[in-house]
Amino acid sequence: MHWMDLYHRLLEIYGPRGWWPLPSRAGRDGRDERGYLPGGGPPSDRAGIFEISVGAVLTQGISWTNAERALLRLLENDFLDPRRIADCPPETLASLVRPAGYYNVKARKLIELSGFFLGLRPDGPGFRAPGRTDLLRVWGIGPETADCILTYAFGIPSFVIDEYTRRIFGRTGLADPKEPYEKLRTAVERGIPDSPAVYAEYHALIVEHGKLRCRTRPDCRPCPLLSCCEYGLSSLSYETARTKHDTSSLV
DNA sequence: CGCCAGGCAACAC
DNA sequence: GTGTTGCATGGC
């Protein structure tokens, strides 16, 4: 199997995932109730770019639902802004992002991230995009978070390697999951088209499949009838209910 | 109750 | 460079 074979298979099964969610715009601008924009692209405005970057930090080591809760608390308290976060006492910030776990660490990371954004050069409605090494120099931004920010916030393709990626590429035999981050990333990037849309969609599909089926304890049970079974569709989670094809014979 | 969830820095060797 | 540990909440 080739890298793109898995991509096309996942796309058939789950359909376009809609880049990275912007909970602040859920239900608006063509976004769904969680803030995803299927078939969309990166935000062109500074607020959207910053919100995705904050989300990438908040979701470190934690489920998106918990990160989303913290993100909404920042939003409700008018703290989804680099200036406001940079000037906020760490204890206040920590109490706001409490649902995301590791809240003291993440408060500091958000302050560092905000300082970095305050130094970015505005460029039209957005920013001049930072380099990958610039992002990696920020305390709290490691390789995965940097690649999420580059790909999903700025639309600059840099393939995201996370635990789901390692697991799914490992189980399908596409890669050795124990390889170091940079080796895996360059291997994937050599095998797929150099397109922001493909990078963003591929990783989003990997996350979707990782959450729904290819978990630590995988659910490899195929259900060929899912697409035409009303009981199955009505009783399953929203992600699965949106599936338009059966999920058999994958991984 | 135990396990897991879209990591990272700091440190040991 | 590889391996381990602390950080901490919420869902199942």
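Here is the naming used below: chain letters follow the sequence lines, and residue numbers restart at 1 for every chain. Keep in mind that what you see is a predicted model, and the values were worked out from it rather than measured.
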### Query
Between A:Arg73 and A:Glu76, is there a side-chain N and carboxylate O pair less than 4.0 Å apart?
no
### Query
When the distance from CH2 of A:Trp64 to C1' of B:dC4 is rounded to whole Å, what number comes out?
18 Å
### Task
Answer with base, sugar-phosphate or nothing: what part of the nucleic acid does A:Arg167 contact at a heavy-atom distance below 4.0 Å?
sugar-phosphate
### Message
Could you work out, with salt bridge (charged side-chain N to carboxylate O under 4.0 Å, His left out) as the rule, every residue matching A:Asp29, not counting sequence neighbours?
### Response
none
### Message
Quick test of your reading: applying side chain to side chain donor-acceptor pair (under 3.5 Å), list the pairs with at least one residue in residues 146-155 of chain A, sequence neighbours left out, ordered by first then second residue.
### Response
A:Arg132-A:Asp147, A:Asp147-A:Ser158, A:Asp147-A:Tyr181, A:Tyr152-A:His203
### Query
Quick one: A:Arg215 CZ to B:dA5 C1', roughly how many Å, whole number?
12 Å
### Message
List the residues meeting salt bridge (charged side-chain N to carboxylate O under 4.0 Å, His left out) with A:Glu144, not counting sequence neighbours, and say none if there are none.
### Response
none
### Query
Nearest-Å distance, CZ (A:Arg166) to P (B:dG7)?
11 Å
### Message
Going by the rule salt bridge (charged side-chain N to carboxylate O under 4.0 Å, His left out), which residues pair with A:Glu189 if we only count those two or more places apart in sequence or in a different chain?
### Response
A:Arg185
#### Entry: With A:Asp87 via side-chain hydrogen bond (donor to acceptor under 3.5 Å, both in side chains) - residues at least two apart
A:Arg83
### Task
Tell me, please, which residues at least two apart from A:Glu179 pass side-chain hydrogen bond (donor to acceptor under 3.5 Å, both in side chains).
A:Lys183
### Task
Find the distance A:Leu135:CG to B:dG7:P and express it as a whole number of Å.
17 Å
### Query
Which parts of nucleotides 2-12 of chain C does protein reach within less than 4.0 Å, heavy atoms only, written one letter per nucleotide 5' to 3' as B for base, S for sugar-phosphate only and - for none?
S----BBBSS-
## Note on the structure
A:Arg84 meets the salt bridge (charged side-chain N to carboxylate O under 4.0 Å, His left out) criterion, sequence neighbours left out, with none
#### Entry: Summary of protein contacts for nucleotides 8-13 of chain B, nucleotide by nucleotide, where a base hit scores B, a sugar-phosphate-only hit scores S (4.0 Å, heavy atoms)
SSS---
